[in-house]
> 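Mind looking over this structure? Questions follow.
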Protein chains: 2
Amino acid sequence: MSQNAPLVIGSLAFDGIDQIDLTGPFEVLSRLPGATHRIYARSTDPVRDVHGLRIVPDATLDDAPRLDVLHVPGGPGQEALMHDEVVLQWLRQQSAGARRVLSVCTGALVLGAAGLLRGRRATTHWNSFHLLPCFGAEAVDQRVVVDGKWIFAAGVTAGIDGALRLAADMLGDTVAQSIQLGMAYAPEPPFDSGTPATAPASVLAAARAAAAELTARREATARTVAARLGIGS
Amino acid sequence: MSQNAPLVIGSLAFDGIDQIDLTGPFEVLSRLPGATHRIYARSTDPVRDVHGLRIVPDATLDDAPRLDVLHVPGGPGQEALMHDEVVLQWLRQQSAGARRVLSVCTGALVLGAAGLLRGRRATTHWNSFHLLPCFGAEAVDQRVVVDGKWIFAAGVTAGIDGALRLAADMLGDTVAQSIQLGMAYAPEPPFDSGTPATAPASVLAAARAAAAELTARREATARTVAARLGIGS
């Protein structure tokens with residue numbers, strides 16, 4: 001394929017996704033000149049985000065073409081995917097052929113369950129960061145981690161930054177700057193509370209407590225996967 | 001209604017929306033404790049975003065309850081809405097009863113067409129900013145402009161900042177900080193190209209040229225609305 005052919009971009013969608021893990025990068029990547037950006041899922045029924053937003057997939061996994069850019073979002077529904085061999089095999093096949101793989105948030109855990117994180121530098125949402133070694137990854141505490149063709153964005157909104165990095169990497173700084181201008185992406189968060197290091201301690205403690213049950217499930221799944229992959233305790 | 005009752009939040013959706021104008025604030029507001037956040041449109045058929053993402057409305061405009069928070073996204077499809085008296089009347093009614101109205105991007109132009117910007121301080125996407133006086137508004141060049149219960153977020157991704165501001169305003173700083181932490185919203189844009197003032201001059205010129213046709217249409221519509229409202233020269 002020519003380096004100049006339009007990019008074929010695909011996002012994985014699933015029930016229980018955190019929608020902005022998908023829609024943040026979509027906003028960036030769907031603006032790439034000549035690119036097609038489509039949504040793929042197990043079926044073409046609408047997927048329901050963790051807070052209820054419904055997004056319509058464009059096609060099933062089986063009907064996806066070979067992707068130049070594979071985008072793997074996260075969200076609590078990632079737990080079920082980690083036991084879904086159809087999805088895991090799709091990720092193995094598509095990532096092998098892709099020129100870039102963009103993981104957002106706990107999408108990294110799904111890639112881990114597919115055995116795709118072994119020996120890779122990676123990141124994920126701060127609340128799952130400690131699980132990365134279970135998949136054989138080196139956990140790197142940065143908002144965006146690039147390891148060859150693999151781009152890992154940390155939690156949720158980090159997908160926007162990761163996608164802009166990908167855009168610049170594939171098509172040059174000017175393209176990425178143009179997209180950033182179109183999106184008016186000059187963020188002004190009203191607080192400095194976006195990371196465990198900067199959030200008020202009480203806010204962090206409450207967030208950890210609210211997520212405790214989901215975190216425990218993710219830890220159990222990570223241990224199961226580690227055993228399956230033969231990665232030791 | 002008690003100040004402590006769960007908030008009823010609704011976003012307007014339409015064909016040709018810029019999806020992150022909707023999904024950015026959804027990510028914030030759907031996390032408000034006890035809130036319901038639903039999507040309303042002319043019909044319950046999926047709406048298609050300007051780049052092809054399809055989102056399923058939860059109900060029609062007629063079936064929307066009285067909203068505590070009315071959210072009005074933008075995108076090129078806003079042009080058609082500005083001539084749609086059913087939508088405009090819905091916005092007048094809902095905004096009259098709402099405790100907050102959040103406008104994102106060119107959603108402000110739709111509010112303008114409904115006659116709701118008269119005498120208000122407002123903002124919108126940088127490429128439509130000059131049109132605000134056509135609707136009787138005072139154009140204020142800030143990322144987020146608050147005028148009483150009205151919150152105007154500038155272009156596209158500014159909706160995230162506007163929604164966090166709304167969250168803090170209604171439910172307190174701690175709630176907003178907790179949401180920011182959950183969303184890992186500690187942005188690190190790879191370039192400083194998110195505003196006309198900071199983007200490279202050549203990038204800005206190209207963006208203006210690419211949008212010229214849409215801008216001309218928006219200017220014509222704004223003039224028509226101004227005449228209808230009896231505003232201006």
Side-chain angles (χ1 to χ4, degrees), chain A residues 18-20 22-24 26-27 30-31 36-39 46 49 51-56 58 105 125-126 143-144 154-158 160-161 164-165 168 173-174 176-178 180-196 198-200 202-204 206-207 210-211, chain B residues 18-20 22-24 26-27 30-31 36-39 46 49 51-56 58 105 125-126 143-144 154-158 160-161 164-165 168 173-174 176-178 180-196 198-200 202-204 206-207 210-211:
Chain A
D18 193 329
Q19 59 86 17
I20 211 167
L22 186 153
T23 58
F26 182 90
E27 187 70 21
S30 68
R31 291 171 180 247
T36 59
H37 192 153
R38 300 283 180 265
I39 313 300
D49 140 272
H51 294 108
L53 189 78
R54 287 180 296 161
I55 293 172
V56 186
D58 294 297
C105 199
H125 192 277
W126 55 264
R143 189 158 174 85
V144 177
V156 195
T157 54
I160 299 171
D161 297 320
L164 282 169
R165 182 84 172 261
D173 289 2
T174 300
Q177 287 168 322
S178 171
Q180 185 182 353
L181 178 60
M183 292 171 61
Y185 185 50
E188 293 181 15
F191 304 100
D192 186 10
S193 184
T195 70
T198 59
S202 58
V203 166
L204 177 60
Chain B
D18 193 328
Q19 59 86 18
I20 211 168
L22 186 151
T23 58
F26 182 91
E27 187 71 21
S30 68
R31 292 171 180 248
T36 61
H37 192 152
R38 299 284 180 265
I39 313 300
D49 140 272
H51 294 108
L53 189 77
R54 287 179 297 160
I55 293 172
V56 186
D58 294 297
C105 200
H125 192 277
W126 56 263
R143 188 157 175 85
V144 177
V156 196
T157 54
I160 299 172
D161 297 321
L164 282 169
R165 181 84 173 261
D173 289 2
T174 300
Q177 287 168 321
S178 171
Q180 186 182 353
L181 177 60
M183 292 171 60
Y185 186 50
E188 293 182 14
F191 305 99
D192 186 10
S193 184
T195 71
T198 60
S202 58
V203 166
L204 177 60

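Values in this document were obtained by computation on a predicted structure and should not be read as measured data. Quick note on labels: first sequence line is chain A, next is B, and so on, each numbered from 1.
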> With only heavy atoms counted, which part of Leu204(B) is less than 4.5 Å from chain A, the side chain, the backbone, both or neither?
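For Leu204(B), the contact with chain A is made by backbone and side chain together.
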> Evaluate the criterion side chain to side chain contact (heavy atoms under 4.5 Å, CB included) for residue pair Leu53(A) and His37(B); output intermediate values, then yes/no.
CA-CA 9 Å; Leu53(A) 189 78; His37(B) 192 152; over 6 Å; no
> Can you name the nearest heavy-atom pair linking Pro196(A) to Leu181(B), along with the distance?
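The pair with the smallest heavy-atom distance is N-CD1, 3.7 Å.
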> Say whether, by atom type as modelled, one donor and one acceptor occur between the side chain of Glu188(A) and the main chain of Asp161(B) under 3.5 angstrom.
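Not a single qualifying donor-acceptor pair exists.
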> Between Thr157(A) and Met183(B) (side chain of the first, backbone of the second, donor and acceptor by atom type, cut-off under 3.5 Å), is there such a pair?
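Judged by distance alone, yes, a pair lies under 3.5 Å.
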> If I measure from the heavy atoms of chain B, does Pro189(A) come under 4.5 Å with its side chain, its backbone, both, or neither?
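Its backbone and side chain both get close to chain B.
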> Counting only heavy atoms closer than 4.5 Å, note whether Ile39(B) contacts chain A via side chain, backbone, both or neither.
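Contact with chain A involves the side chain of Ile39(B) alone.
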> Against chain A, work out which of Thr198(B), Asp58(B), Thr36(B) has the most heavy-atom pairs shorter than 4.5 Å and name it.
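Top count of heavy-atom pairs under 4.5 Å with chain A: Asp58(B).
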> Identify the heavy atoms of Gly194(B) and Gln180(A) that sit nearest to each other, and give their distance.
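Looks like N-NE2, 3.6 Å.
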> Is the backbone N or O of Gly182(B) less than 3.5 Å from a side-chain atom of His125(A), with the two atoms forming a donor-acceptor pair by type?
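Looks like yes, one N/O pair under 3.5 Å.
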> In terms of heavy-atom proximity below 4.5 Å to chain A, should Pro187(B) be classed as side chain, backbone, both, or neither?
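It is both, since atoms from each part get that close.
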> At a 4.5 Å cut-off on heavy atoms, which part of Ala154(B) comes close to chain A: side chain, backbone, both, or neither?
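Neither part, no heavy atoms under 4.5 Å.
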> Give the C-alpha distance, both sets of side-chain angles, the deciding distance and a yes or no for side chain to side chain contact (heavy atoms under 4.5 Å, CB included) between Phe191(A) and Asp173(B).
CA-CA 8 Å; Phe191(A) 304 100; Asp173(B) 289 2; 3.5 Å; yes
> Identify which part of Asp49(B) has an atom lying under 4.5 Å from any heavy atom of chain A, answering side chain, backbone, both or neither.
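For Asp49(B), side-chain heavy atoms alone lie under 4.5 Å from chain A.
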> Chain B: which of Val203(A), Ile55(A), Thr23(A) shares the most heavy-atom pairs with it under 4.5 Å?
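Among the listed options, the one with the most contacts to chain B is Thr23(A).
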> Working to the nearest 0.5 angstrom, can you tell me the gap between Gln19(B) CD and Glu27(A) CD?
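So the gap between those two atoms works out to 5.0 Å.
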> Just by distance, do the side chain of Arg143(B) and the backbone of Ala186(A) share a donor-acceptor pair under 3.5 Å?
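It does hold such a pair.
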> Against chain A, label Ala206(B) side chain, backbone, both or neither, depending on which of its atoms sit under 4.5 Å from a heavy atom there.
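Nothing of Ala206(B), per the 4.5 Å heavy-atom cut-off to chain A.
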> With side chains defined as the heavy atoms from C-beta onward, is the minimum distance between Ile160(A) and Ile20(B) less than 4.5 Å?
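Yes, their side chains come closer than 4.5 Å.
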> Against chain B, work out which of Cys105(A), Pro200(A), Ala210(A), Ala184(A) has the most heavy-atom pairs shorter than 4.5 Å and name it.
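Winner by heavy-atom pair count: Ala184(A).
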